[in-house]
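Predicted, not measured: the structure shown is a model, and the values here were computed from it.
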Amino acid sequence: MNEQSPFSVADGRPISHLKFQNADVTADGEQRAHVSLTQLDTLWFNTGTLCNLACKNCYIESSPTNDALVYLTLSEVLQYLDEIAGEGLPTREIAFTGGEPFMNPDFMAMLELCLTRGFDVLVLSNAMRPMRRFEKDLLQLPNRDNLTIRVSLDHFTQEVHEAERGPNSWDKAIDGLIWLTENSFKTAIAGRHLGQESISDAREGYAKLFQKHAMNIDPENEAELALFPEMDATLDTPEITTSCWQILDVDPESIMCANSRMVVKRKGEQTPRVAACTLLPYDPQFDMGDTLVESSQNVKLNHPHCSRFCVLGGASCSA
């Protein structure tokens with residue numbers, strides 16, 4: 001990583017077409033970093049890319065019409081849970097993302113199955129109408145203390161949130177959050193860290209919002225308020241080399257793909273596949289195989305998201 005500063009991430013410059021082209025070597029000829037799977041702590045399921053919203057900068061391009069990732073079925077989820085049990089994998093957490101998971105017709109059954117089997121369960125949702133259809137079912141789930149619902153709230157202001165998610169999305173999200181907290185669900189927020197805003201200012205803004213609506217969410221707890229860096233694969237970011245771990249004082253075992261994988265089912269494919277990362281479900285170089293055992297191979301950090309989101313941003317989608 002030969003930029004003047006190891007932290008010199010995008011400043012609006014377009015990324016060089018020479019970067020992230022070779023899985024083993026960077027554009028400067030240095031050895032590209034990789035991450036080894038230490039243990040499968042979190043298994044993600046992408047329930048499908050269909051969503052009730054079409055957000056402006058959705059990294060996975062979810063929308064009411066995009067079914068590039070088709071709905072997973074209950075039996076397909078069961079197949080991977082059985083593999084965890086059969087192989088004795090140390091998986092602690094099952095996490096669901098989309099699209100909007102509550103649009104998948106099998107989703108409530110998936111939730112019940114995972115909670116019954118004793119997993120911690122994390123659900124990423126926008127807390128809008130698809131979730132609200134299942135209020136009674138959610139209240140009746142077993143082991144509900146093991147469930148966390150992380151709601152996407154892009155900013156603590158309606159203006160910025162709706163610029164991303166569309167008009168009339170703010171009040172519905174806030175109403176859903178109020179319902180979750182009033183009914184004692186473990187509730188977290190996924191927000192965005194805007195470039196012109198400090199982390200402390202962002203947390204203070206969310207704190208005032210939580211206080212206004214009497215939401216029992218701790219804005220200083222990163223598990224309850226996760227602020228993710230903005231992602232744009234077209235903007236410049238350093239390539240991560242093997243020497244970067246020491247330069248940045250980052251442990252490769254702290255990177256998301258050291259402890260997690262995601263199951264996806266791409267349109268046109270007959271069976272689900274295991275992807276290295278929640279952020280890269282389409283890129284074939286991050287397709288790790290049919291099974292969890294197959295997916296234990298090393299992940300080469302050959303994508304801008306690996307740099308900006310995971311290594312330099314220090315972010316992880318897991319709870």
Side-chain angles (χ1 to χ4, degrees), residues 1 3-13 42 55-59 95 97 122 124-127 148-165 169-170 173-174 177 180-181 186-233 235-238 240 244-245 247-260 277-279 301 303-319:
M1 191 167 58
E3 280 78 358
Q4 291 183 337
S5 165
F7 295 99
S8 60
V9 294
D11 59 4
R13 292 173 296 162
T42 300
C55 297
K56 185 177 178 181
N57 293 308
C58 180
Y59 74 94
T97 185
L122 172 66
L124 309 192
S125 175
N126 56 41
T148 299
I149 298 180
R150 183 191 288 166
V151 178
S152 299
L153 201 67
D154 285 297
H155 199 249
F156 51 84
T157 66
Q158 179 174 355
E159 179 184 13
V160 175
H161 177 82
E162 291 195 342
E164 169 68 16
R165 298 193 174 254
S169 58
W170 172 263
I174 295 296
L177 275 167
L180 287 168
T181 54
K186 286 183 181 178
T187 308
I189 298 294
R192 284 188 300 147
H193 174 217
L194 304 181
Q196 71 274 19
E197 195 172 66
S198 72
I199 291 287
S200 58
D201 286 346
R203 292 196 179 278
E204 182 180 350
Y206 279 101
K208 292 176 181 178
L209 177 69
F210 300 157
Q211 184 176 24
K212 174 182 177 181
H213 294 289
M215 296 175 185
N216 186 25
I217 301 172
D218 181 359
E220 298 303 322
N221 185 332
E222 292 183 6
E224 296 187 33
L225 173 59
L227 296 175
F228 294 118
E230 294 189 273
M231 295 191 300
D232 187 338
L235 298 181
D236 193 34
T237 190
I240 306 301
C244 287
W245 301 126
I247 294 170
L248 298 168
D249 192 23
V250 171
D251 184 348
E253 292 188 7
S254 70
I255 304 302
M256 185 164 55
C257 54
N259 54 48
S260 69
C277 177
T278 58
L279 307 177
L301 303 185
H303 194 280
H305 292 343
C306 304
S307 169
R308 182 177 293 108
F309 186 87
C310 295
V311 178
L312 298 179
S316 173
C317 294
S318 299

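- A donor-acceptor pair under 3.5 Å is absent between the side-chain atoms of R203 and the main chain of L227, judged by distance alone.
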Could you please spell out the steps behind the side chain to side chain contact (heavy atoms under 4.5 Å, CB included) verdict for W170 and T157? CA-CA 9 Å; W170 172 263; T157 66; 5.7 Å; no
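- L225 CG to R150 CZ: the interatomic distance, rounded to the nearest 0.5 Å, is 10.0 Å.
- Other residues, nucleotides and ligands contribute only 12 or fewer heavy atoms inside 6.0 Å of the CG atom of D249.
- Using a 4.5 Å cut-off on side-chain heavy atoms (C-beta onward), L312 and P238 make contact.
- The two residues A207 and P219 come nearest to each other via the heavy atoms CB-CG, 3.5 Å.
- A heavy-atom distance below 4.5 Å is not found between the side chains of T181 and F210.
- The OG atom of S125 sits 8.0 Å away from atom CG of L180, with the distance rounded to the nearest 0.5 Å.
- Counting heavy-atom neighbours within 6.0 Å of D201 CG, excluding the residue itself, gives a total above 12.
- Residues A188 and A223 share a closest heavy-atom pair of CB-O, 3.5 Å.
- Between M215 and T187 there is no side-chain heavy-atom pair separated by less than 4.5 Å.
- For the residue pair G191 and Y206, the shortest heavy atom distance occurs at CA-OH, 3.4 Å.
- The side-chain heavy atoms of E197 and F156, taken from C-beta on, include a pair separated by under 4.5 Å.
- In this structure, the side chains of R165 and H155 stay at 4.5 Å or more apart for every pair of heavy atoms.
- Side-chain contact check for L177 versus H213: every heavy-atom pair is 4.5 Å or farther apart.
- Smallest separation of non-hydrogen atoms from A173 and H161: CB-NE2, 4.4 Å.
- We find the CG-NZ distance between L122 and K186 to be 11.0 Å, quoted to the nearest 0.5 Å.
- In this structure the side chain of H303 never reaches within 4.5 angstrom of the side chain of L279, judged on heavy atoms.
- Side-chain contact between L153 and L209: present, with at least one pair of heavy atoms (C-beta onward) separated by less than 4.5 Å.
- Around the CD atom of E220, the shell of radius 6.0 Å holds more than 12 heavy atoms that belong to other residues, nucleotides or ligands.
- A distance-only check finds no donor-acceptor pair linking the side chain of E164 to the backbone of C55 [under 3.5 Å].
- We find the CZ-CG distance between R192 and D154 to be 4.5 Å, quoted to the nearest 0.5 Å.
- Separating the OG atom in S307 from the CG atom in L301 is a distance of 9.0 Å, to the nearest 0.5 Å.
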